[in-house]
Amino acid sequence: MMKGMYDFVFEMIIQAKAMAKIHMKTPLVEMDGDEMTRILWADIKKLLIEPFVDLKTEYYDLGLKHRDETRDQVTIDSALATKKYGVAVKCATITPNAQRVEEYHLHEMWKSPNGTIRAMLDGTVFRAPILVKGVHPTVRTWEKPITIARHAYGDVYRNVEMAVPGPGTAELVFTGADGTVTRKKIFDFTSGGIVQGMHNVDASIASFAHSCFRYALSLKQDLWFSTKDTISKVYDHRFKDIFQEIYDQNYKAAFEEAGITYFYTLIDDAVARVVRSKGGFIWACKNYDGDVMSDMIATAFGSLAMMTSVLVSPDGKFEYEAAHGTVTRHYYRYLKGEETSTNPVATIFAWTGALRKRGEMDELPELIAFADKLEKATLDTIESGVMTKDLALLWDGEATAVNSRAFLEAIAERIA
């Protein structure tokens, strides 16, 4: 079908369903983003959601230019809005490096918006691959999804760092509220170098542990937790001890009754166990470990664009997002007028996750049903042999690789 015909069909759908759209009670917090995912974001809303849902959102533009214009206040405002409304959906955003500062003429190298939002909500990020028939995991033993539970506060994402200009001594210094000073030498520099300070807090680690144990019980899946406490004998060991204490005091009996297990292991041992496993468990990781391992899991199951991601705060706030970046390479091609085949599935599932949760919280079964229907239409489109190029390269059988717009239109046709 020609593009003009599709536009005509969708206009008819909009007119026909104008009186039958699903009405929302409470807005979603909508966080727009950057580059190619921003383009897909608008298309997903136009083609897959707005024809069927009377969409209510409180909109925040987290595109890098606007973050810079507001001195990153818009990121803080979006997190506060999530605390107010309870459910947010977020587009992928740029975390600027030196090259981005120059490219966008930024006032400064702003921190990760994800890191800011996660710190303010003090939540845990749960990420799981989206399985589809015809795409087989690279690890042949994997039969079930592996969910990454990623701590979403502190560590390298809230670090303080500096370049050391020359010889000298770097120290950790802690000044207590009573004025007591504790010092510990880091290193005696004989030349230039670098130094970094990280932190975490017991309360956030405890919230992380509770979230992981509760999530494991809700899914009735085993929970693994890994750090490197043999090397980090204070920092990582603190995580291990808090997890074990909370498990023993609050969850051990419930886990035994549910027939599931919790165990701690070193992260290098966990990697070996994961590769040999059949899947079907939750793997809890510290912030950076979870960032890296979730990309590894997603890629091994098929594609970074085929993974769900939800941030869950201790007080029951939810922020849904795609687990991948802004697809810069495709965006530069798009700016040149070239055709792109960018996979939008993770972004679609961010929207469906947020709509479903909003429906659950507002007792709107029709909104929940729509989210289910959109996910099914997305997977059915792929399993029919129509997909973006990244999946076509992995497909077991005949596949038709289409551009991003055509893929979204095919999904919309199934819903209609």
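Heavy-atom basis, side chains included; hydrogens, waters and symmetry copies ignored.
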Chi angles and distances behind the side chain to side chain contact (heavy atoms under 4.5 Å, CB included) call for Arg358, Leu367: CA-CA 8 Å; Arg358 186 77 275 164; Leu367 191 58; 4.3 Å; yes

Worked verdict on Ile246 versus Gln244 for side chain to side chain contact (heavy atoms under 4.5 Å, CB included): CA-CA 6 Å; Ile246 289 175; Gln244 192 64 51; over 6 Å; no

Test side chain to side chain contact (heavy atoms under 4.5 Å, CB included) applied to Leu408 and Lys46, step by step: CA-CA 10 Å; Leu408 293 174; Lys46 178 182 177 182; over 6 Å; no

Derivation of the side chain to side chain contact (heavy atoms under 4.5 Å, CB included) call for Ile411 and Ile348: CA-CA 11 Å; Ile411 297 171; Ile348 293 171; 3.8 Å; yes

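Two residues are said to be in side-chain contact when any heavy atoms from C-beta on lie closer than 4.5 Å; Asp32 and Arg38 meet this criterion. When side chains are defined from C-beta on, Arg118 does not count as touching Ser112, because their heavy atoms never get closer than 4.5 Å. Side chains of Lys373 and Lys376 form no contact here, defined as non-hydrogen atoms less than 4.5 Å apart. Taking the side chain as every heavy atom from C-beta outward, Phe281 and Ile146 approach each other to under 4.5 Å. Residues Phe407 and Thr388 meet the side-chain proximity criterion, which asks for heavy atoms closer than 4.5 Å. Residues Val345 and Ile382 are in side-chain contact: their nearest non-hydrogen atoms beyond the backbone lie under 4.5 Å apart. Side chains of Arg276 and Thr141 form no contact here, defined as non-hydrogen atoms less than 4.5 Å apart. Residues Leu48 and Trp351 form no side-chain contact, since every pair of their non-hydrogen atoms from C-beta on lies 4.5 Å or further apart.
For Ser341 (side chain) and Val402 (main-chain N/O), a donor-acceptor pair under 3.5 Å exists by modelled atom type. Put simply, the side chain of Lys83 gets close to the backbone of Met120: a donor and an acceptor are under 3.5 Å apart. Side-chain atoms of Arg67 do not come within 3.5 Å of backbone N or O of Val74 as any donor-acceptor pair. Distance alone, capped at 3.5 Å, is enough to place a donor-acceptor pair between the Ser294 side chain and the Asp291 backbone. The main-chain N or O of Leu40 is never found under 3.5 Å from a side-chain atom of Asp43 such that the two would form a donor-acceptor pair. The closest donor-acceptor contact from the side chain of Arg150 to the backbone of Asn287 lies under 3.5 Å. In this structure, Asp68 contributes its side chain and His107 its backbone to a donor-acceptor pair below 3.5 Å. In this structure, the side chain of Asp72 does not engage the main chain of Thr75 through any donor-acceptor pair within 3.5 Å.
Glu171 meets the salt bridge (Lys or Arg N to Asp or Glu O under 4.0 Å) test with Arg183; sequence neighbours excluded. Looking at residues two or more places apart in sequence or on another chain, you find a salt bridge (Lys or Arg N to Asp or Glu O under 4.0 Å) between Lys240 and Asp229. With sequence neighbours left out, the salt bridge (Lys or Arg N to Asp or Glu O under 4.0 Å) criterion links Arg158 to no other residue. Applying the side chain to side chain donor-acceptor pair (under 3.5 Å) rule to His66 yields no partners; only residues at least two apart in sequence or on another chain are considered. The salt bridge (Lys or Arg N to Asp or Glu O under 4.0 Å) check on Lys389 picks up nothing, with sequence neighbours excluded.
More than 12 heavy atoms of other residues, nucleotides or ligands sit less than 6.0 Å from atom OH of Tyr104. Heavy atoms of other residues, nucleotides or ligands lying less than 6.0 angstrom from CZ of Arg71 number more than 12. Counted within 6.0 Å of CZ on Arg238, heavy atoms from surrounding residues, nucleotides or ligands total 12 or fewer; the atom is thus considered open. The number of heavy atoms from other shown groups lying within 6.0 Å of CD (Glu102) does not exceed 12. Enclosure of atom OH in Tyr332 by more than 12 non-hydrogen atoms of other residues, nucleotides or ligands within 6.0 angstrom is indicated. Within a 6.0 Å radius of CD in Glu257, other residues, nucleotides and ligands contribute 12 heavy atoms or fewer.
For the 3.5 Å distance criterion, the side chains of Asp122 and Ser313 fail to qualify, holding no donor opposite an acceptor. No side-chain N or O of Ser303 forms a donor-acceptor pair with one of His324 less than 3.5 Å apart. Side-chain contact check for Trp41 and Thr347: no donor-acceptor pair (N or O, by modelled atom type) lies under 3.5 Å. In this model, no donor atom of one side chain and acceptor atom of the other lie less than 3.5 Å apart for Tyr320 and Thr352. Side-chain contact of Tyr153 with His199: a donor-acceptor pair under 3.5 Å is present, judged by distance alone. Side-chain N/O atoms of Tyr331 and Asp34 include no donor and acceptor closer than 3.5 Å.
Under the 30°/60° scheme for interplanar angles, the aromatic rings of Phe301 and Trp142 are found to lie parallel.
With ring centers used as reference points, Phe243 lies 6.0 Å or more from Tyr264.
Note: Glu363 CD to Ile368 CD1 = 9.0 Å, rounded to the nearest 0.5 Å. If you take CZ on Arg405 and CD1 on Ile39, they are separated by 11.5 Å, rounding to the nearest 0.5 Å.
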Check residues 85-98 and write down every donor-acceptor pair under 3.5 Å in which the side-chain atom is one partner and the other belongs to a residue at least two apart or another chain.
residue: Tyr85; atom: OH; partner: Glu58; partner atom: OE1; Å: 2.8
residue: Lys90; atom: NZ; partner: Thr93; partner atom: OG1; Å: 2.8
residue: Lys90; atom: NZ; partner: Asn114; partner atom: OD1; Å: 2.8
residue: Asn97; atom: OD1; partner: Gln99; partner atom: N; Å: 3.2
residue: Asn97; atom: OD1; partner: Arg100; partner atom: N; Å: 2.9

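Relative to the ring axis of Phe239, Lys286 places its NZ or CZ within 45° and under 6.0 Å from the centre.
Contact record, Thr340 with Asn403: O-CB, 3.1 Å, taken as the closest heavy-atom pair. His23 and Asp54 make their closest contact through ND1-OD2, 3.1 Å (heavy atoms, listed as atom of the first residue, atom of the second, distance).
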